[in-house]
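This report refers to the structure that appears directly beneath it.
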Amino acid sequence: MTQVDVSPPTDFIREIIEDNFKTNKYGGRVATRFPPEPNGYLHIGHAKSVCLNFGIASQYGATCNLRLDDTDPSGESLEYVESIIHDIRWLGFDWEDRLFYASDYFEQLYQFAVQLIKAGKAYVCSLSADEIREYRGTLTEPGRESPYRKRSVDENLDLFTRMRAGEFEDGTHVLRAKINMTSPNIVMRDPVIYRIKRAPHYRTDIQWVIYPMYDFAHCLSDSIERITHSICTLEFENNRPLYDWIVAQLIADDRPQQIEFARLNLSYTILSKRKLIELVEERYITGWDDPRMPTIAGMRRRGYTPEAIRNFCAKIGVAKKENLVDISLLEYCVREDLNERAPRTMGVLRPLRVVIDNYPEGLTEEFECANHPQNPAMGKRMVPFSKVLYIERDDFDENPPNKYKRLGPMREVRLRNSYIIQYQSMVKDEQTGEVVELHCTYNPQTRNGPPSDGRKVEGVIHWVSANHSVPAEVRLYDRLFIIPDPASVEDDVTKYLNPGSLETLASCYVEVSLAHATPGSRYQFERLGYFCVDSKDSLPDKLVFNRIVSLRDSWGKIAGQGKG
RNA sequence: UGGGGUGUCGUCAAGCGGUAAGACACAGGCCUUUGGAGCCUGCAUUCGGAGGUUCGAAUCCUCCCACCCCAGCCA
């Protein structure tokens, strides 16, 4: 299978790395890391960062560590760690034996803090949280120095030791870096670097009651791991001076450099962990792996491939500009990949019964069908044909609109991989007027070609033999939100959830070859889209398919409204 | 009104002083037993705006404008 071309992407980060090679910074060494906090599932935005960090590592023959940034016990859990590990592996990346946890560094980090105190660069502040906020000043007014700022090194050491020993309640003391309360950058106004938090940590349990803050832990974790390029998102730009300050106090050489890039925003969805958690907890969707979710788990269950996601990440590029990537690009990448690898099959989602009047009663023919018309290597399968069939309701119209190429009164149409049939009559429900059955005739000569008189039959529709197909449930998914940029709404974003994001069709029929389709396997239902056997709900005797993505539908555009 | 960033096609995004890549989307057309796939064509005289430097500027300078981030003991 020819791999989608992913020519080595070039971006400003790789430029920096290559500049570093020229100046011999880090001695030609490159080391990156992907540092998620285990307080939620990874989503497509994380995938961008994963691809960036691991991609750079493999491109330069370097390493990328996986580091769980678990410095705040509230909200972090093993479940999230496991999901993160699983998702990154599934995406196709490997960190070998370099799985690290910030919590593994707690002792070292503590010692670094002691070092800072001894250097007179940190102090224990006993102001309340509210007071610290007041002293911090505002965006336009400078802050004021804490009355505790002048504590002696010995007193600070004593207090910090006792903080660790658990002598104090939450919030009574913090350790602060002594930098500059009048800095125009608020981050530099004596930032808190340690807080007391009597909460059990999912890994260290109750061993610690003080935890380092991100700004302190992250740069030093990077240093401990000898990371060279610490890539993070734009909102940390203000924190970079602090990153550099801490590292400058404590690390002798090969100090890591932080580089910020713009996080991914995807249209019609939301990539804020906080909001995603809300969707899960408030049950707006079924869980982190709901196929409508932009999470890796959700996309995996939906049927997206790692290749498609990686290719998407390569296509969107890396820059510093805030962006809103059109979700149609993701869908394009999914189709591009699935078009190559998904075997073709036939399935009827909204069945309409068709009786072939002149077809022998009780006869069953087996037609050999290509699994992939453009790729003979994918082989063939047998598809049974008989007198009673199901076709898609959409493929018959009592009053065909202009340009409609499918079946209608007095029309004929090609059954995909089979005969041309001709309309004879229809049966309607007396109550509703709904068409419930069609009667057609077939032309036995047209199995493998056009009618003998050379008539051209344009329409081709898919079908399934009523007695030889298997019932299935099909879940049709659509974008999660009805507005292009749900992330930008001020009020309750759940108001903009797409009520039609899931449509369940319980009475579908798929061809017999699918009877033993295994969970997670993907197929194209010809003319409809790509479908994946649901890995959670599908059973051998009750198949459930997720629609991964529809096929491009140029008729839907002409008709004005694409239907499932 | 402080500081830090960013502004190139509808959406991403190249471009790094020599006269606007590419992709998605969109619009036409060809082909077709998937209205799929594939193929072809079109799609920024202009780079947030205004000045300036230069033979030449999206790229350099000046001023202006817009948007994003920062006042968690979150990350």
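In what follows, every heavy atom counts, from backbone to side chain, and hydrogens, waters and symmetry copies are set aside. Numbers restart at 1 for each chain; the letters A, B, ... are given by sequence-line order, proteins then strands.
- Side-chain atoms of T140(A) lie closest to rG2(B) of the nucleotides rC24(B), rG35(B), rG2(B).
- Residue contacts for I420(A): at a heavy-atom cut-off of 4.0 Å it reaches no nucleic acid atom on any strand shown.
- Within 4.0 Å of V174(A), counting heavy atoms only, lies at least one base atom of the nucleic acid.
- Between H46(A) and F34(A), the ring planes are perpendicular. Angles over 60° get that label, and only those under 30° would be called parallel.
- For Y214(A) and rA75(B), the ring-to-base geometry does not satisfy the stacking test (centroid distance below 5.5 Å, interplanar angle below 30°).
- Among the protein residues, Q374(A) comes within range of the nucleic acid bases, having at least one heavy atom under 4.0 Å from a base atom.
- Annotation: cation-pi geometry not satisfied between R33(A) and F100(A) (NZ/CZ under 6.0 angstrom from ring centroid, within 45° of ring axis).
- Between F216(A) atom CZ and rC74(B) atom P the separation is 16 Å, expressed in whole Å.
- Closest to the side chain of E526(A), out of rC12(B), rU34(B), rC73(B), is rU34(B).
- When distances run from any side-chain atom of L329(A) to the nucleotides rA23(B), rA71(B), rU34(B), the shortest one goes to rA23(B).
- Counting non-hydrogen atoms under 4.0 angstrom, S267(A) reaches nothing in the nucleic acid.
- Heavy-atom nearest nucleotides on RNA chain B were determined for S128(A) and for L330(A), and the one closer to the 5' end corresponds to L330(A).
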Tell me, with the steps shown, if E79(A) and Y41(A) meet side chain to side chain donor-acceptor pair (under 3.5 Å). CA-CA 9 Å; E79(A) 180 202 345; Y41(A) 277 59; 2.8 Å; yes
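- The CZ atom of R14(A) sits 14 Å away from the P atom of rA13(B) (whole-angstrom rounding).
- Remark: the N238(A) side chain and the rC69(B) base include a donor-acceptor N/O pair separated by less than 3.5 Å.
- Proximity note for Y332(A) (side chain, C-beta onward) versus rA23(B), rG2(B), rC70(B): the nearest is rA23(B).
- Between D130(A) and S128(A), the side chains place no donor N or O within less than 3.5 Å of an acceptor N or O (distance only, hydrogens not considered).
- Taking 3.5 Å as the limit, the base of rG5(B) and the side chain of E235(A) contain no donor-acceptor pair of atoms between them.
- When each of rG36(B), rU6(B), rC70(B) is scored by its nearest atom to the side-chain atoms of S554(A), the top-ranked nucleotide is rG36(B).
- No hydrogens or angles were tested; on distance alone, nothing pairs the side chain of E131(A) with the base of rC73(B) as donor and acceptor under 3.5 Å.
- Within 4.0 Å of T71(A), counting heavy atoms only, lie sugar-phosphate atoms of the nucleic acid but no base atom.
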What protein N or O atoms touch nucleotides 26-30 of chain B N or O atoms at under 3.5 angstrom, if any, and at what distances?
unit_1  : atom_1 : unit_2  : atom_2 : d
rC26(B) : OP1    : K557(A) : NZ     : 3.1
rC26(B) : OP2    : K557(A) : NZ     : 3.4

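- Residue-level contact check: F367(A) touches neither bases nor backbone, having no heavy atom under 4.0 Å from any strand.
- A ring-centre distance under 6.0 Å is not found for Y101(A) and F106(A).
- Residue contacts shown for K321(A) are limited to sugar-phosphate atoms, with no base heavy atom under 4.0 Å away.
- Note: F525(A) and F531(A) have parallel aromatic rings, judged against thresholds of 30 and 60 degrees for the angle between ring planes.
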Walk me through whether T295(A) and H43(A) qualify under side chain to side chain donor-acceptor pair (under 3.5 Å). CA-CA 4 Å; T295(A) 51; H43(A) 54 63; over 6 Å; no
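- Not one side-chain nitrogen or oxygen of R176(A) sits closer than 4.0 Å to the OP1 or OP2 atom of rC73(B).
- The base of rG35(B) lies close enough to the side chain of R406(A) for a donor and an acceptor atom to sit less than 3.5 Å apart.
- Note on ring orientation: taking the six-membered ring where Trp is involved, the planes of F396(A) and Y423(A) are parallel (angle under 30°, cut-offs 30° and 60°).
- Both P373(A) and D72(A) lie close to RNA chain B; mapped to their nearest nucleotides by heavy-atom distance, the more 5′-ward contact belongs to P373(A).
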